[in-house]
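Residues take their numbers from the sequence shown, with the count starting at 1. What you see below is based on every heavy atom in this structure, not just the backbone, and it leaves out hydrogens, waters and symmetry mates. These figures come from a predicted structure and were not determined experimentally.
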Amino acid sequence: MTEQPPAGEMFVRSLARGLEVITAFDAEHTTMTLSEVAARTGLSRAAARRFLHTLRALGYVRLDGAHFALTPQVLRLGTAYLSGLGLPQVVQPHLERLTGEVGESTSAAVLDGPDIVYVARVATRRIMTVGITVGTRFPAYATSMGRVLLADLPDADLDAYLAATPLVPLTERTLDRPDALRAELRQVREQGWAAVDQELEAGLCSVAAPVRDASGRVVAALNISTSAVRSGSLPEAYVTRVVDTARAVSDDLAHAGR
């Protein structure tokens with residue numbers, strides 16, 4: 001169950017629990033029974049049933065036999081954020097151009113808690129066992145875009161991230177020690193890009209660079225991902241292209257904000 005902030009007179013616990021039910025669904029739990037939702041959220045079966053049926057009545061959840069699943073209407077909850085950010089609209093043509101140049105899948109993501117969340121993507125082929133779409137989440141520590149985003153965190157925020165996030169080894173190559181990850185993030189900060197070789201999934205390599213706002217703060221990251229079998233190792237040209245593209249997106253965001 002997600003840890004709740006201290007309750008105050010302005011805190012609506014029922015809203016928080018309803019959002020918990022929505023976020024309990026993810027790439028590994030696309031459909032769940034009532035009991036599974038209750039277990040993942042820490043709610044009683046009776047409470048989980050009320051929330052699920054309320055969400056179903058509002059069109060955010062559908063019921064197929066004994067299994068509940070989110071509906072596309074859930075995407076409306078993120079529309080205001082994405083539109084306000086302006087990032088997907090700005091970055092999409094850059095990703096399309098980059099994919100056309102290198103012939104590989106490209107993506108953009110932002111940091112949300114311990115994860116990255118994809119906000120734009122141009123795919124050339126499926127190179128992961130899990131399909132990636134806008135809204136897909138992965139643990140930040142094991143991804144190139146996540147490391148770019150983590151490298152920009154203030155020390156106190158990075159300390160809090162490492163204290164709260166188990167570094168689960170997803171493959172035999174995953175950096176799963178906090179000291180090793182800290183050292184890697186220092187290097188990412190110094191060189192201005194991050195590369196990950198089969199740490200999220202065997203056979204997958206990627207390189208990412210930061211997208212900055214007008215103040216220089218890293219607000220997103222974009223990457224090129226490829227198959228380790230196909231590329232052998234990430235071509236140096238990919239690093240140059242992803243860094244240049246990220247700078248171009250940063251420039252466009254700065255102009256859009258004026």
For Arg241 and Glu104, run salt bridge (charged side-chain N to carboxylate O under 4.0 Å, His left out): C-alpha distance rounded to whole Å, both residues' side-chain angles, the deciding distance at 0.1 Å, then the answer. CA-CA 12 Å; Arg241 292 303 301 124; Glu104 303 285 2; over 6 Å; no
Test log, rule side chain to side chain contact (heavy atoms under 4.5 Å, CB included), inputs Thr143 and Glu199: CA-CA 7 Å; Thr143 66; Glu199 295 189 46; over 6 Å; no
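- A distance-only check finds no donor-acceptor pair linking the side chain of Gln198 to the backbone of Leu204 [under 3.5 Å].
- When all heavy atoms of Glu184 and Leu175 are compared, the closest pair comes out as CB-CD1, 3.8 Å.
- Closest of all the heavy-atom pairs between Leu98 and Ile224 is CD2-CG1, 3.8 Å.
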As a quick check of understanding, evaluate side chain to side chain contact (heavy atoms under 4.5 Å, CB included) for Ser206 and Val196, giving each step before the final call. CA-CA 5 Å; Ser206 66; Val196 167; 4.2 Å; yes
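- When side chains are defined from C-beta on, Leu158 counts as touching Leu185, because their heavy atoms get closer than 4.5 Å.
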Please walk me through it: do Arg182 and Asp159 pass salt bridge (charged side-chain N to carboxylate O under 4.0 Å, His left out)? CA-CA 10 Å; Arg182 284 183 189 274; Asp159 290 342; 2.7 Å; yes
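- Rounded to the nearest 0.5 angstrom, Ser227 OG and Glu201 CD are separated by 10.5 Å.
- When each of Val219, Leu253, Val249, Asp152 is checked for a side-chain contact (heavy atoms from CB on, under 4.5 Å) with Arg212, only Asp152 meets the rule.
- In this structure, the ring of His29 has its center no less than 6.0 angstrom from the ring center of Phe68.
- Summarising the geometry of Leu167 relative to Pro178, their closest heavy-atom pair is CD1-N, 3.7 Å, with the distance given to 0.1 Å.
- Atoms OG1 and CG, from Thr165 and Leu150 in turn, are 8.5 Å apart once rounded to the nearest 0.5 Å.
- Donor-acceptor pairing under 3.5 Å is lacking for the side chains of Ser105 and Ser225.
- Side-chain contact check for Glu36 versus Arg40: every heavy-atom pair is 4.5 Å or farther apart.
- For the pair Thr245 and His94, the tightest heavy-atom approach, listed with the atom from each and the gap, is CG2-CB, 3.9 Å.
- Between Asp197 and Arg173 there is a side-chain heavy-atom pair separated by less than 4.5 Å.
- For the residue pair Ser215/Asp213, the side-chain donor-acceptor check at 3.5 Å is satisfied.
- Contact check for Tyr60 versus Val21: no side-chain heavy atoms found under the 4.5 Å cut-off.
- With a 4.5 Å cut-off on side-chain heavy atoms, Ser107 and Asn223 count as touching.
- No side-chain heavy atom of Phe51 sits under 4.5 Å from any side-chain heavy atom of Val61.
- Thr174 is listed as a side-chain neighbour of Tyr141, based on a closest heavy-atom distance under 4.5 Å.
- Not one N or O on the side chain of Glu20 forms a donor-acceptor pair closer than 3.5 Å with the backbone of Gly42.
- For the atom pair Arg62 CZ and Thr31 OG1, the distance stands at 8.0 Å (nearest 0.5 Å).
- Heavy-atom neighbours of Asp179 CG from other residues, nucleotides or ligands within 6.0 Å: above the threshold of 12.
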Checking Arg45 against Leu34 for the side chain to side chain contact (heavy atoms under 4.5 Å, CB included) test, could you report, in this order, the C-alpha distance in whole Å, the side-chain angles of both residues, the deciding distance, and whether it holds? CA-CA 7 Å; Arg45 282 176 52 89; Leu34 170 62; 3.7 Å; yes
Intermediate values then yes/no, side chain to side chain contact (heavy atoms under 4.5 Å, CB included), Met145 and Tyr118: CA-CA 10 Å; Met145 289 191 289; Tyr118 283 69; 3.7 Å; yes
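- Across every non-hydrogen atom of Thr71 and Gly59, the tightest pair is OG1-O, 2.5 Å.
- A distance of 8.0 Å separates CG of Leu87 from CD of Gln89, quoted to the nearest 0.5 Å.
- For the atom pair CZ of Arg17 and CG of Leu15, the computed distance is 12.0 Å after rounding to the nearest 0.5 Å.
- Of the possible polar contacts, none joining the Thr99 side chain to the Glu96 backbone as a donor-acceptor pair under 3.5 Å is found.
- The closest side-chain heavy-atom distance from Leu149 to Val218 is below 4.5 Å.
- Looking at Asp112, Thr23, Asp26 one by one, the single match for side chain to side chain donor-acceptor pair (under 3.5 Å) with Arg137 turns out to be Asp112.
- Thr171 approaches Ala202 most closely through the heavy-atom pair CG2-N, 3.6 Å.
- Between the OG atom in Ser250 and the CG atom in Leu222 there is a gap of 8.0 Å [rounded to 0.5 Å].
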